[in-house]
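Letters A, B, ... are given to chains in the order of the sequence lines, protein chains preceding strands, and every chain is numbered from 1.
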There are 2 protein chains.
Amino acid sequence: MDFKRLRYALAVADEGNFVRAAERVSISQPALSRAVQALEEELGFLLFDRGNRNVAVTVAGAAFFNHARRLLFDVRNMEHDLDMLRNGDSGRVAFGIGPLHSGALLPRMLRQVRAEQPGIIMSVSINNSNYLLDHLRAEDMEFFMSDVRLIEAAEDLIITHECRQYGGIYCRPGHPLLARPDITPPELLPYGMAAPTIPDVLMVQMNKLFRLPPGRDLPVVLSCDSVHTLVDVVAECDLLLISSHAALAEAAELGRLVQVPVALPPLWADIATIRLRGRTLSPGAQRVLQTARAVLSQLAGTEMPRQ
Amino acid sequence: MDFKRLRYALAVADEGNFVRAAERVSISQPALSRAVQALEEELGFLLFDRGNRNVAVTVAGAAFFNHARRLLFDVRNMEHDLDMLRNGDSGRVAFGIGPLHSGALLPRMLRQVRAEQPGIIMSVSINNSNYLLDHLRAEDMEFFMSDVRLIEAAEDLIITHECRQYGGIYCRPGHPLLARPDITPPELLPYGMAAPTIPDVLMVQMNKLFRLPPGRDLPVVLSCDSVHTLVDVVAECDLLLISSHAALAEAAELGRLVQVPVALPPLWADIATIRLRGRTLSPGAQRVLQTARAVLSQLAGTEMPRQ
DNA sequence: ACCATTTACGTGGGACGTAAACATT
DNA sequence: AATGTTTACGTCCCACGTAAATGGT
């Protein structure tokens with residue numbers, strides 16, 4: 001039972017003529033004749049009654065062609081789906097992202113994937129790096145993006161550093177802080193901080209930057225993974241916002257927020273892609289990843305210069 | 001895209017191991033490896049991530065195997081159906097039969113086909129020979145059975161004479177006729193005749209046998225294609241029944257009817273199978289025909305000896 | 001004699017098996 | 001060393017094309 005023979009026999013059934021059928025399937029007419037004979041032999045009954053000026057499908061042949069037609073239809077469908085799959089235009093792509101980047105990167109990324117690969121079904125997990133790692137290893141997702149500092153290198157992981165996103169402290173225009181000269185980190189603390197969810201590991205580093213005594217944490221009084229919400233709140237009160245420049249580019253441009261000129265070492269996030277070693281990314285995932293990189297380089301382009 | 005390759009790749013997916021998969025599909029392991037490689041090349045993406053102690057299906061591969069499994073399932077289904085079709089165990093068989101034989105032959109035939117080929121869908125036309133011929137030529141049926149005397153030989157027909165069924169005149173036991181010695185045909189006429197539908201051509205011949213003057217027909221006062229009905233009627237009144245011996249064997253055995261010992265030349269029907277020249281009978285039809293012949297020879301065996 | 005299908009014959013590519021190489025534990 | 005996959009190489013078969021034969025109008 002061979003696809004080719006089915007196609008050949010169907011061509012004869014459709015054309016009612018070996019010569020035309022042969023040119024339709026692009027082989028010589030004798031070859032077609034033999035192929036059909038071989039198929040008939042294999043089946044055990046005749047498909048055609050050969051007249052002198054015409055070829056007629058037998059009763060058994062008609063029953064056979066009903067099956068064959070449906071089968072070839074399914075095969076064509078499958079081939080189309082596989083084309084889509086090969087090009088990353090269809091299929092299901094599961095990936096993850098840390099909450100820190102779910103604000104600036106993720107929405108742009110999703111929009112662009114939706115535009116470029118509308119056939120792709122995406123399944124996104126926004127969660128902490130431990131959760132993401134577990135589910136990556138369980139092969140619930142193909143890759144995830146997270147701050148590289150949260151991920152411990154391991155044999156079974158491929159960690160690709162994608163880019164460094166700098167960030168800073170923002171406040172509303174007209175904030176009392178802005179009137180002071182030479183602002184130092186401790187001066188910020190009384191106003192309270194707003195920020196996306198900050199993992200413990202990073203919080204420790206932040207505490208050092210702000211020269212806090214051990215055991216005391218940065219006073220993050222508002223923690224929320226929705227950057228829009230944070231901007232809305234901070235624009236209307238004296239809270240200070242810790243965030244990447246990229247996430248706030250739009251708000252800064254609109255004049256809703258300004259960067260606080262404080263003497264701090266640079267703040268940054270090192271965004272990385274983490275996937276399993278030895279596991280092939282699906283074509284869809286490969287293109288999603290390309291899109292992610294494109295969005296990241298766009299964001300780098302819009303990055304506000306550190307003051 | 002080749003069935004074999006699909007089967008091979010699926011075996012690897014199922015076994016998670018090239019060696020076991022190779023013996024499952026009965027080829028050498030290197031051959032299997034190459035076949036899978038070729039398939040992957042053709043598809044444009046990897047199906048498996050080859051580890052050192054295991055083989056894992058890729059994400060794209062999983063999507064592919066969903067398609068492939070369904071397709072191979074359909075193929076197996078189709079092959080099973082084709083087996084049935086080849087053996088005449090499934091399919092639709094359309095055939096026809098003249099009303100004269102629909103009484104004795106047809107029910108036995110249908111019962112036997114139902115028993116032997118339960119998968120066959122039968123479509124039976126009981127009708128006159130002109131109707132049957134038209135619909136045979138229109139390929140609405142594969143063959144029909146009829147009295148050969150009603151069918152005019154033609155180039156496009158294959159007429160196979162199957163057997164000759166003799167018949168006679170029957171009446172109820174105790175019928176007044178039976179009391180007379182040396183019954184002659186004209187003596188029968190006053191009682192009136194019952195018979196299955198008799199075609200005009202045969203009626204002319206019957207008229208001659210009964211020595212009727214031209215223009216006068218045999219007085220068939222009850223014409224009905226249900227032999228059971230005819231028997232029921234004739235058993236309770238003085239009508240005479242013209243029929244094949246075979247159709248009345250049962251009634252005669254039960255003592256419901258007896259043959260009238262009249263000096264008539266033998267009455268008979270020449271049953272023939274008529275089909276189109278150059279058209280192949282489906283396997284189902286071939287077996288139905290075999291069954292018909294078997295039934296006919298059974299009937300010949302039960303044939304009542306002419307008195 | 002023409003039209004269409006089938007047979008005859010020679011060729012090339014592909015699928016196979018055996019054996020060896022390679023990779024990892 | 002053991003296990004498992006890939007590469008190398010030689011063989012055979014099958015599908016193909018060209019050309020000739022067959023068969024029916």
- [ ] For side-chain contact (heavy atoms from CB on, under 4.5 Å), just list the numbers for His101(B) and Asp147(B), CA-CA rounded to whole Å, side-chain angles, deciding distance to a tenth of an Å, and then say yes or no.
- [x] CA-CA 9 Å; His101(B) 312 110; Asp147(B) 194 304; 4.2 Å; yes
- [ ] May I have the step-by-step check of side-chain contact (heavy atoms from CB on, under 4.5 Å) for Leu281(A) and Val288(A), ending in yes or no?
- [x] CA-CA 10 Å; Leu281(A) 289 182; Val288(A) 169; over 6 Å; no
Task: salt bridge (Lys or Arg N to Asp or Glu O under 4.0 Å) between Arg164(A) and Asp270(A), worked out - done: CA-CA 4 Å; Arg164(A) 175 165 290 185; Asp270(A) 277 328; 2.7 Å; yes
TODO: Decide yes or no on side-chain hydrogen bond (donor to acceptor under 3.5 Å, both in side chains) for Thr280(B) and Asp49(A), but give the supporting numbers first.
DONE: CA-CA 7 Å; Thr280(B) 304; Asp49(A) 286 317; 2.3 Å; yes
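Bounding nucleotides for the chain B contact on DNA chain D, 5' to 3', at a heavy-atom distance below 4.0 Å, are dT3(D) to dC9(D).
Gln29(A) places its CD atom 15 Å from the P atom of dC3(C), with the value rounded to the nearest Å. Atom CZ of Arg50(B) is separated from atom P of dT25(C) by 17 Å (rounded to the nearest Å). Rounding to whole angstrom units, CD of residue Glu40(A) and P of dT5(C) are separated by 13 Å. The distance from atom CG of Leu32(A) to atom P of dT6(C) is 9 Å, rounded to the nearest whole Å. Asp2(A) has its CG atom 11 Å from the P atom of dA15(C), to the nearest Å. Here the P atom of nucleotide dC16(C) and the CZ atom of Arg7(B) are 10 Å apart, to the nearest Å. Distance Phe3(B) CZ to dA15(C) C1': 18 Å, rounded to the nearest Å.
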Atom pairs, protein N/O to nucleotides 22-24 of chain C N/O, distance under 3.5 Å:
residue: dT24(C); atom: O3'; partner: Asn52(B); partner atom: ND2; Å: 2.6

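The closest donor-acceptor contact from the side chain of Arg50(A) to the backbone of Val55(A) lies at 3.5 Å or more, if one exists at all.
Ala62(B) and Val57(B) get closest at one heavy-atom pair: N-CG1, 3.4 Å. Taking all atoms of both residues into account, the shortest heavy-atom contact from Ala292(A) to Met145(A) is CB-SD, 3.9 Å.
For the atom pair Cys163(B) SG and Arg293(B) CZ, the distance stands at 10.5 Å (nearest 0.5 Å).
Among the protein residues, Asn17(A) comes within range of the sugar-phosphate backbone only, with heavy atoms under 4.0 Å from sugar or phosphate atoms but none that close to a base. Among the atoms of the strands shown, only primed sugar atoms or phosphate atoms (P, OP1, OP2) are found under 4.0 Å from some heavy atom of Arg5(A). Within 4.0 Å of Phe48(A), counting heavy atoms only, lies no atom of the nucleic acid at all.
In this structure, of dA15(C), dG17(C), dT5(C), it is dG17(C) that holds the atom nearest to the side chain of Ile27(B).
In terms of phosphate contacts, Gln37(A) brings a side-chain nitrogen or oxygen within less than 4.0 Å of OP1 or OP2 of dT7(C).
Residues Gln37(A) and Ser33(A) bring a donor and an acceptor atom of their side chains to less than 3.5 Å of each other.
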